[in-house]
Amino acid sequence: MKNQSKNTRSDFLEINPQEFSKAGHKLIDDIISFTEDIPNKPITKAETVGVLRDALSLRPLPEEGTALPELMANTTDLLIDHSLFNGHPGFMGYITASAAPSGALADLLAATINPNCGAGILSPMATEIENQTIQWLAELIGYNSDAGGVLVSGGNMANFTGFLAGRTAKAPVDLKEKGLAGLEKPMTVYCSKGTHTWIEKAAILFGHGSEAVRWIPQNEHHQMDNEKLESAIISDIDAGFQPFMVVGTAGDVSTGKVDDLSGISKLSKKYDLWFHVDGAYGVPAAALPELNETFKGLESADSIALDPHKWLYCPLEAGGVLVKNRQDLINAFSSHPEYYNFDAGPDQPSVNFYEYGLQNSRGFRALKVWIALQQAGRSGYQTLIREDIQLSELLFDLADNHSELEAVTQSLSITTFRYLPENIPTDSELGIKYLNELNETLLNEIASDGEIFVSNAIIDGNYCLRSCIVNFRTNQQTIHDLIKIVVQKGRELHKSLCNDHGF
Ligand SMILES: *Cc1c(COP(=O)(O)O)cnc(C)c1O
């Protein structure tokens with residue numbers, strides 16, 4: 001002990017300028033070549049878990065350290081060789097965006113400064129950047145620009161946050177003190193049949209139970225049927241329930257349809273319900289003036305969920321919730337333990353984001369969103385989103401004009417269609433069953449080929465291929481390729497399957 005200098009620490013994790021520079025510069029070079037090469041790679045190799053674990057060469061926790069340049073180079077290879085690339089132009093499955101590469105730099109910087117965005121005094125500039133990001137998101141979609149809000153990990157968390165704020169605001173008792181046990185009547189929530197599964201998860205996890213969710217049928221436009229919504233509310237009130245929230249969807253996950261938000265808004269006011277909009281996927285399209293009519297009523301929502309990691313092309317994870325009145329978040333989420341001394345601002349009190357949501361310590365996920373919003377600007381985003389929609393429309397038209405394809409729905413940037421060989425009856429039980437099986441097999445084969453990736457939707461009982469374009473690398477050629485691949489594969493499969501099914 002005597003010989004050890006008081007001023008040294010072991011440097012296992014400390015920056016070593018030469019090593020860090022070597023590892024970092026190589027990583028940046030690798031990112032550039034990887035990104036340029038994405039279109040030439042298979043979207044996925046669909047490898048088995050066995051193959052993945054072999055490549056990872058599972059072994060016990062290493063006892064000794066490894067030099068950073070070697071470690072980073074190996075890790076880069078491992079991920080580039082064995083990942084699914086949602087940044088590939090042919091990736092149109094689910095709702096996962098191509099990620100703006102600027103997000104990688106933003107995350108690097110965010111991790112370097114490492115602000116704890118739970119409290120203003122722990123993250124002075126980062127908290128102000130998050131505030132501005134929230135304000136810009138609200139401006140982008142035409143919501144009031146003094147909206148409150150908070151960034152979260154994704155759409156589920158954003159919707160949960162809105163759900164919890166809404167129920168605290170609308171509960172007839174002080175939920176904070178009394179809990180659900182203090183309610184005389186069970187609380188109920190209303191949403192369209194097409195609503196994403198988060199709503200069921202919320203009802204279960206937050207103590208209402210799945211039966212508290214009233215699934216309202218959709219009309220022929222795949223929007224929530226607002227007449228049925230109103231009758232459900234009335235009959236629940238008569239039966240002794242306490243309706244508290246209506247969820248409108250702005251971009252249904254299957255069809256991209258936007259509910260009649262202004263109709264829902266009127267009903268919410270009439271029955272004093274919280275109006276939440278799940279715009280996790282679709283709400284960025286409200287930035288387009290030509291869609292003003294589609295999104296009418298959005299401005300009157302009490303809360304809105306939107307996912308920058310979807311149609312704002314940010315890398316995972318970035319979700320966000322906006323609320324008309326920020327006090328509603330504070331009412332639901334704030335509690336002040338004695339050991340928090342976060343209110344000692346010199347002039348005006350800063351925002352403490354731990355009071356706005358479920359998290360306590362929080363990372364700086366706002367930075368990549370803030371950077372991307374400035375990199376593209378409002379008009380850049382409008383153009384990219386508009387192009388995605390036009391490509392989706394192109395796909396619908398090509399499918400519609402092809403004798404072996406059926407174009408089913410098109411809205412925002414989601415198109416559903418299916419392979420429909422001639423002479424297969426679409427109204428007989430056998431025919432329906434065969435077509436569903438044919439299209440499901442088709443989807444799986446296309447995915448494992450690695451050139452194109454689409455997912456599925458069940459529309460009116462029919463298994464459809466579903467393409468969702470939130471990808472600034474997809475272009476017209478990709479759409480023509482998709483049609484070609486579906487028809488080619490569809491023909492082959494139909495030839496090999498039809499005899500077994502008696503066609
Ligand atoms: C994707 C999505 C969600 C869930 O969002 P995550 O980011 O996956 O948690 C919820 N609602 C809608 C409409 C979505 O598209």
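Atoms within each ligand, like the ligands themselves, are counted from 1 in listed order. Along the sequence shown, residues carry numbers from 1.
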message = Show the nearest heavy-atom pair for residues R362 and F353, with the distance to one decimal.
response = NH1-CB, 3.3 Å
request  = Count the heavy atoms belonging to other residues, nucleotides or ligands that lie under 6.0 Å from NZ of K41, then report whether that count exceeds 12.
outcome  = yes
ask   = Which atoms of ligand 1 have any heavy atom of V253 under 4.0 Å away?
value = 12 (C), 13 (C), 14 (C), 15 (O)
query = Would you call the rings of H208 and F244 parallel, tilted or perpendicular if under 30° counts as parallel and over 60° as perpendicular?
reply = parallel
Which atom of L482 lies closest to which atom of S467, heavy atoms considered = CD2-CB, 4.4 Å
remark   = Of N156, V152, D252, V470, the one whose closest heavy atom lies nearest atom 4 (C) of ligand 1 is N156
ask   = Do NZ/NE/NH1/NH2 and the carboxylate oxygens of D146 and R326 come within less than 4.0 Å?
value = no
remark   = Checking heavy atoms under 4.0 Å, the part of H309 that sits near ligand 1 is side chain
request  = Could you list which atoms of ligand 1 come closer than 4.0 Å to a heavy atom of Y281?
outcome  = 15 (O)
task = Output yes when R386 and E290 qualify as a salt bridge under the 4.0 Å nitrogen-oxygen rule, no when they do not.
result = yes
request  = Output the list of atoms in ligand 1 that are nearer than 4.0 Å to some heavy atom of I95, sorted by atom number.
outcome  = 15 (O)
task = Could you tell me whether ligand 1 has any atom less than 4.0 Å away from a heavy atom of K310?
result = yes
ask   = Do ligand 1 and G154 have nitrogen or oxygen atoms that lie under 3.5 Å from each other?
value = no
key: Proximal atoms of ligand 1 relative to G155 (non-hydrogen, under 4.0 Å)   = 4 (C), 5 (O), 6 (P), 7 (O), 9 (O)
key: Distance filter under 4.0 Å to D278 heavy atoms, resulting ligand 1 atoms   = 10 (C), 11 (N), 12 (C), 13 (C)
ask   = By number and element, which atoms of ligand 1 are closer than 4.0 Å to a non-hydrogen atom of N159?
value = 10 (C), 11 (N)
request  = Please report which non-hydrogen protein atom sits nearest to atom 10 (C) of ligand 1, along with the residue it belongs to and the distance in Å to one decimal place.
outcome  = H196 CG, 3.3 Å
inquiry  = Within the supplied structure, the quantity of interest is the number of heavy atoms (other residues, nucleotides, ligands) at a distance under 6.0 Å from F206 CZ; does it exceed 12?
reply    = yes
query = Hey, which atoms in ligand 1 end up nearer than 4.0 Å to a heavy atom of D307?
reply = 5 (O), 6 (P), 7 (O)
ask   = With a cut-off of 4.0 Å, which atoms of ligand 1 are near a heavy atom of A280?
value = 2 (C), 3 (C), 10 (C), 11 (N), 12 (C), 14 (C)
Parallel, tilted or perpendicular: ring planes of H276 versus W198, cut at 30 and 60 degrees = perpendicular
message = Taking only non-hydrogen atoms of E317, do any sit less than 4.0 angstrom from ligand 1?
response = no
inquiry  = For K296, is the NZ atom crowded, meaning more than 12 foreign heavy atoms sit under 6.0 Å from it?
reply    = no
